[in-house]
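These notes are about the structure you will find just below.
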Amino acid sequence: MKGIAASPGIAIGRALKKKEKEIGVQRKEITNVEKELEMLHEAIQTAKEDLKKIEEKTQERMGKKEAEIFAAHGMILEDPELISSLEKKIEEEKINAEAAVQEVFAGYGEMFAAMEDEYMRARAADIDDVGKRLIKILTGEQDEMEDLHEEVIIIARDLTPSDTSQLDVKKVLAFVTKEGSRTSHTAIMARSMGIPAVVGVGGDLLEQVSDEDQVIVDGNEGRVFINPGTDTTAEYEKKLKRHLEEKRRLAAFKDKEARTADGKRVEVAGNAGNLLDIDGVLEEGGEGIGLFRTEFLYMDRKEMPDEDEQFEVYRKAAEKMGERPLVIRTLDIGGDKDLPYLEQPEEMNPFLGYRAIRMCLDQPEVFKPQLRAILRASKYGNVKLMYPMIAFMEELQAANKLLKEAKNELKEEGHEYDNSMEVGIMVEVPAAVIIADELAAEVDFFSIGTNDLVQYTLAVDRINEKIAHLHTHYNPAVMRLIKQTIEAGHRAGIWVGMCGEAAGDELYLPFLLGVGLDEFSMSAVSILGIKEILSLWTVKEASELAEELLTLKTEKEIRTKLKEVQKAQK
Ligand code: PEP
Ligand code: MG
């Protein structure tokens with residue numbers, strides 16, 4: 001079966017189907033109303049305590065925003081109207097507590113499902129989740145996913161946040177869901193936990209699979225095989241073996257400092273969008289966070305996170321990183337990311353429009369609280385601040401002016417911050433490369449964002465599939481801009497990193513090393529491989545190669561040359 005490749009990796013194992021939870025509740029007449037009410041209240045109390053624990057665990061693992069859903073579930077159980085409906089149902093109809101819960105929650109769920117507002121409609125799923133939790137407690141029914149004894153591949157219609165937060169990740173080999181998209185909760189969780197997943201399989205997935213069936217999940221290609229033939233199994237066993245061997249080999253690099261063959265120290269860091277990603281980066285041996293994309297904190301919610309809420313997240317991130325660097329990038333919204341609660345104009349060319357630093361400078365009431373929150377967090381670790389999308393000197397000056405104002409305010413209010421916190425910019429617009437000498441004089445570091453630099457240099461929309469083959473960092477113009485940026489940075493005595501996708505590209509690595517990149521920041525999954533390749537190159541070899549690559553005229557020649565030397569190395 002084919003679905004969406006939501007989280008990479010391969011798994012072979014036995015299926016465990018998540019049961020659909022309607023079953024198990026019988027409506028029974030009761031005589032002892034008091035006893036039934038007592039059971040109801042005890043169950044509510046237990047559910048609230050469980051939710052509190054899950055909330056704390058999730059907050060620790062993923063952050064406040066992710067944990068909020070469980071606080072919201074807890075609040076449903078505080079609702080006096082709901083509680084009195086439950087009590088009345090038991091008293092008046094003289095029925096057992098679980099049947100009362102099922103009927104009352106179903107009524108509430110339907111009410112929400114019928115609402116106009118999309119956000120409220122989505123809350124029906126939360127009501128359902130809470131109702132099922134109560135019924136489970138009342139019936140004493142064990143959740144088949146809660147206490148896993150052996151390794152399994154979980155097959156489900158979809159997985160709720162409650163489901164995934166309970167899982168023993170060591171026992172779950174993969175997820176397969178009938179519903180969901182790449183950005184659905186299951187997909188995000190799977191990627192964060194490093195578990196292969198295929199979602200949105202659709203069709204009759206749930207009818208086709210039974211518990212104990214042999215299943216192969218290919219999270220790279222988005223394929224699922226149920227009771228596969230011997231050929232397919234043999235093919236995938238080979239793939240899995242190769243994958244595990246590589247993992248073992250690379251594990252040796254986890255605690256090693258990233259160095260070239262001749263001992264030059266280079267920093268290999270990771271990109272993160274939330275606190276859980278930071279754990280992922282550290283687990284893979286990342287030496288810093290070269291890009292903390294803060295926009296995810298602002299997305300998927302109804303209103304702007306305030307200064308305190310942001311501060312909490314940045315502080316936690318800084319504490320997790322300790323002495324290791326944490327580069328926090330200010331809000332990069334617009335382009336393909338928008339916020340429902342911010343008035344954003346309909347634009348013909350959103351990537352050339354009201355985006356990132358442009359929007360922030362236009363709305364200091366949005367920008368200033370973020371600057372203040374980052375400053376306040378700077379006291380708790382090795383925080384660096386980075387502005388996205390700088391194209392004009394005026395933008396850098398205006399942003400720094402606001403930063404200065406924020407510092408003065410904090411000082412007056414008695415808040416502490418690290419006054420020597422480094423401030424840098426993303427170099428992702430060609431104009432910034434052209435004036436890189438002047439910009440370098442005003443900042444502490446550059447980080448090259450190749451995703452946008454390629455888009456703006458080559459005039460190739462980064463999300464248009466039709467021209468995706470043209471969006472490439474193997475383009476000679478892009479490669480010259482990268483070299484220019486690094487040279488300008490070094491002339492001014494500042495470090496230059498890269499946090500675009502190109503930084504995690506193993507084939508490309510000798511070029512970046514050869515032109516003198518100081519820091520490479522990438523998705524967690526690429527870190528160990530990049531550390532290994534780095535250890536194979538000397539600076540001299542890499543710079544000679546980079547020089548040669550810069551004389552080549554086409555992408556094809558550049559790739560061919562790199563593949564040649566890659567083969568010769570391995
Ligand atoms: C980039 O543009 O390369 C980058 C790292 O930023 P984002 O992908 O978030 O635009
Ligand atoms: Mg960018």
Side-chain angles (χ1 to χ4, degrees), residues 182-183 188 191 267-274 277-278 281 286 288-300 325-339 349-360 370 384-392 395-396 399 424-433 436 439 445-464 468 470-475 477-479 481-482 485-486 496-505 508 511-512 517-527 530:
R182 246 192 84 77
T183 52
I188 292 170
R191 282 199 294 279
E267 190 188 321
V268 176
N271 296 346
N274 57 40
D277 288 350
I278 294 186
V281 168
I289 297 292
L291 168 64
F292 189 59
R293 288 186 166 98
T294 57
E295 47 276 11
F296 294 109
L297 220 99
Y298 291 72
M299 288 156 88
D300 289 330
L326 165 70
V327 179
I328 304 182
R329 178 176 74 182
T330 60
L331 189 55
D332 181 7
I333 219 70
D336 58 343
K337 303 171 233 169
D338 64 350
L339 300 178
N349 294 301
F351 278 114
L352 300 182
Y354 191 63
R355 189 186 159 188
I357 196 74
R358 300 172 181 177
M359 189 219 83
C360 284
Q370 182 172 42
K384 301 169 197 296
L385 183 147
M386 175 160 78
Y387 305 124
M389 272 281 288
I390 296 286
F392 300 76
E395 289 168 338
L396 176 59
I425 58 167
M426 290 207 56
V427 175
E428 51 184 345
V429 182
V433 183
L439 293 169
F445 65 91
F446 283 158
S447 183
I448 305 172
T450 45
N451 309 341
D452 278 312
L453 187 61
V454 170
Q455 143 163 290
Y456 294 130
T457 304
L458 305 177
V460 174
D461 185 340
R462 65 191 264 186
I463 56 171
N464 185 338
L470 299 177
H471 190 281
T472 165
H473 46 268
Y474 291 93
N475 176 279
V478 172
M479 291 168 75
L481 292 185
I482 291 172
T485 308
I486 298 171
V496 182
M498 177 177 285
C499 57
E501 289 301 311
D505 178 351
Y508 202 60
F511 169 69
L512 296 176
L517 193 74
D518 302 296
E519 179 240 32
F520 297 67
S521 192
M522 61 203 71
S523 312
V525 287
S526 308
I527 292 175
I530 287 287

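Ligands are counted one by one from 1 in listed order, and the atoms in each one are counted from 1 as well. Everything numeric here is computed off the predicted structure, so don't read it as measured data.
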Closer than 4.0 Å to some heavy atom of [X] - which atoms of ligand 1 meet that?
X	result
R355	10 (O)
C499	5 (C)
D452	1 (C), 2 (O), 3 (O), 10 (O)
R462	2 (O), 7 (P), 8 (O), 10 (O)
L291	5 (C)
K337	9 (O)

So, does [X] use its side chain to make a donor-acceptor pair with the main chain of [Y] at under 3.5 Å?
X	Y	answer
H471	L458	no
S521	M498	no
D518	G497	no
T294	R329	yes
D452	V429	no
T472	Y474	yes
Y456	F351	yes
N274	F296	no

With a 4.0 Å cut-off on heavy atoms, is [X] in contact with ligand 1?
X	answer
Q455	no
E501	no
M522	no

Practice item. For ligand 1, note which part of I448 has a heavy atom under 4.0 Å away: side chain, backbone, both or neither. Key: neither

Review point. Where on R329 is there a heavy atom closer than 4.0 Å to ligand 1, on the side chain, on the backbone, on both, or on neither?
Key: side chain

Review point. Got an N/O contact under 3.5 Å between E295 and ligand 1?
Key: no

Practice item. Round to 10° and report the angle made at the Mg ion (ligand 2) by OD2 of D452 and OE1 of E428. Key: 90°

Review point. Going from OG1 on T450 to CG on D505, what distance comes out if it is rounded to the nearest 0.5 angstrom?
Key: 9.5 Å

